[in-house]
Every structure is written in structure tokens, then in C-alpha cells.
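For reference, the structure discussed in these notes is given below.
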Amino acid sequence: MVASMTAFGRAACEAVEWEIRSVNHRYLEFSFRLPEPLRDLERELRERAARGLARGKVEVALRLGEQAAPAPRINTEALGNLLRAVDEVRGLSDAGAPDPLNILRWPGVLADDEADLAALRTAALAGFDAALADLVAHRRSEGAKLKDLIEKKLGAVAALAAAVRGLAARQTESSRQRLQQRLDRLAARVDADRLAQEVAMLAQKADVAEELDRLDIHVGESLKSLAGDGPCGRRLDFLMQELGREANTLAAKAFLPEAARLAVDLKVHVEQMREQVQNVE
């Protein structure tokens, strides 16, 4: 199934609010913004996201609701150790009584309630799964539009290639006529066999049958990739390069005005597809 790499996913409840944004990227790259109590979830979140995404630059942000923060509790052991150290210092100096707020700020004195934190983690993971599912749905929806657009462009390319193929015979005859006209202007007399050889050489240089055959093959492979189940962006990108190469060769070999115009149109369609394919997962 074709998926776009540009999409947005969101999920919210009273406790948490997730937002996930993705844009096109060569690889799968994550950026997380998580509140302090849940920073240790990043590894698991990466693993969950990687199961649903193959490519893209993904930005993940989590905001906690007003009632979501775990209730703090006093770590009595850490507090006791700190107060004993304070009493010891006061016995050795004239230091006054410590500020209670400074004591609470000391690392380890306050800790999140484990039950509240566990409930918050559960809610956060469920919300992330929902936001990720929303993102994937949007990527597939946009991907379906991209698929339709690229398939239409591929059809246009195939039609243009068929039209160029129809002009191939005329190119050979045109080559013979142009060569004969040059000889006539020069008042040169050339043996008929020699003329036939020259025409054959020009026809070989102007022959586009191989390019058209390869172009048809690349169109078929592109359609097959679009119809597949897995990610196809990288393969399509390669095929667009190959289509562009054949289109350039056709344009270089086409000296009939009609064929030259068709080749230019073909190049335009390929370039438009190449730009769209950059966003396919």
C-alpha cells in the first residue's frame, strides 16, 4: 500500500495529548519532546513507531494535562540522611536553620508516587498508539492520492512513448531524404549502395527502439511497485531516474519536430512524477 511521508496524527484525553508530525526523509528519523516523568519511555516509543513506519522524519510531542502530573511524595530515607548532614554542619558552624523549600529541592527528597506514575505511563502509551494509528491512516490516505496521480502520469508516459514509436519509421525515411537533399545541393553523385549505407548509419543513430522498450519496462515496473503491499518509495525513485535517462536519450535522438515535442512532454511528465515520488514512503 502506497503511503505518503507527510502527515499529522493526534490523540488526546484528560491526562495526555500527543501530536506526531512526519515529513519526507531518506531514512526513518525520530525526534521526541517528552516531559521529565516520562522520558524513559522514548526507547519503547521508538520501537512501537518503527513497527508502523518505514521512512520519514518524525517529530513526536507529548503534553500532560493539568491533573496528569504524578503526586509527589517525600522520600523519608533521603530526607533523614539530608537532615542528619545538616545537623552535622550546624554543629561545626554558626549556620542557621535550613530553608524547607531548599530541602525539598534537594535531589531525591521528593519522588513521584509510583502508582500515579504507572497509571500515567499506561495512559501515555495508549495515547501514543492512538496518535500513531491516526498518523498512519493519514499517510495512507495521502498515499492513495499520490498513487492515483503517479499512475495517471505513467499512463501518459506510455501513451507518449507509443506515439514516438509510431514516428520511428518516418525518422528513417526523413534521414534518407535529408541526406539526399544535402548531396543534391553539393551536386555530388554518390553510388546508390554508398547512399544506402549512409542512410543505414543515420537510421542506427536515430533508432529509439531500445530506449522505448526500456521505457515501457520501467513503466510496468513502476505500476507493479505501486500495486505492492510494502513501502515502494526508494524503488520508485530509482525507476524515475531510469525513466528520466531514457526520456533524455529520446529527446536527443528525435530530430522530427513531432517526435521532439513528444519527447519534451515525456520529460515533463517524468519530472513531475519524480517530484511526487520523493514523498512516497
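The structure displayed is predicted, hence computed values, not measured ones.
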Interatomic distance, [X] atom [atom1] to [Y] atom [atom2] [nearest 0.5 angstrom]:
X	Y	atom1	atom2	result
Ile20	Leu62	CD1	CG	10.0 Å
Asn279	His25	CG	NE2	13.0 Å
Glu59	Ser31	CD	OG	5.5 Å
Met240	Gln276	CE	CD	11.0 Å

Verify the cluster assignment for [X] and [Y]: are they in a single hydrophobic cluster under the rule of side-chain heavy atoms below 4.5 Å apart?
X	Y	value
Leu125	Trp18	yes
Val136	Phe30	yes
Leu41	Leu135	yes
Leu223	Leu212	yes
Leu146	Val270	yes

For [X], side-chain hydrogen bond (donor to acceptor under 3.5 Å, both in side chains) partners two or more places apart:
X	result
Thr249	none
Asn24	none
Arg39	Glu36

Is there a side-chain contact between [X] and [Y], using heavy atoms and a 4.5 Å cut-off?
X	Y	result
Arg55	Leu28	no
Val277	Leu239	no
Leu45	Leu34	yes
Val60	Arg33	no
Glu246	His218	yes
Ile150	Ser222	no
Leu226	Val280	no
Glu281	Leu53	yes

Closest non-hydrogen atom pair, [X] against [Y]:
X	Y	result
Ala123	Ala15	CB-CB, 4.4 Å
Lys267	Ala247	CG-CB, 3.6 Å
Leu262	Ala163	CD1-CB, 3.6 Å
Val58	Ser22	CG2-CB, 4.1 Å
Arg48	Phe128	CB-CE2, 4.0 Å
Leu266	Ala161	CD1-N, 4.2 Å

Hey, are [X] and [Y] close enough for a salt bridge, meaning a charged N less than 4.0 Å from a carboxylate O?
X	Y	answer
Arg51	Glu47	no
Arg10	Asp134	no
Arg46	Glu42	yes
Arg274	Asp237	no

Donor-acceptor pair, distance only, cut-off 3.5 Å: does the side chain of Ser141 make one with the backbone of Ala137? no
Determine whether Arg214 and Glu210 satisfy the following criterion, salt bridge (Lys or Arg N to Asp or Glu O under 4.0 Å), listing intermediate values before the conclusion. CA-CA 6 Å; Arg214 287 195 294 267; Glu210 290 186 10; 3.7 Å; yes
Is the number of heavy atoms from other residues, nucleotides or ligands within 6.0 Å of CZ (Phe238) greater than 12? no
Side chain to side chain contact (heavy atoms under 4.5 Å, CB included) between Met273 and Leu154, worked out: CA-CA 8 Å; Met273 282 192 296; Leu154 288 170; 3.6 Å; yes
Please lay out, stage by stage, how His269 and Leu160 fare under the test side chain to side chain contact (heavy atoms under 4.5 Å, CB included). CA-CA 10 Å; His269 284 296; Leu160 288 168; 3.5 Å; yes
When you look at Arg165 and Asp213, which way does the side chain to side chain contact (heavy atoms under 4.5 Å, CB included) test go after all the steps? CA-CA 10 Å; Arg165 195 183 295 275; Asp213 288 343; 3.3 Å; yes
So salt bridge (Lys or Arg N to Asp or Glu O under 4.0 Å) across residues 18-29, not counting sequence neighbours, yields Glu19-Arg21, Glu19-Arg63
Sequence neighbours excluded, every pair satisfying salt bridge (Lys or Arg N to Asp or Glu O under 4.0 Å) that has a member inside residues 146-160: Asp148-Lys152
Let me see the working for Lys253 and Glu211 under salt bridge (Lys or Arg N to Asp or Glu O under 4.0 Å), right down to the final yes or no. CA-CA 10 Å; Lys253 287 187 173 183; Glu211 288 77 11; 3.1 Å; yes
Arg139-Ser4 side chain donor-acceptor pair, cut-off 3.5 Å: no
Pairs meeting criterion side chain to side chain donor-acceptor pair (under 3.5 Å) with involvement of residues 257-266, two or more places apart: Arg170-Glu258
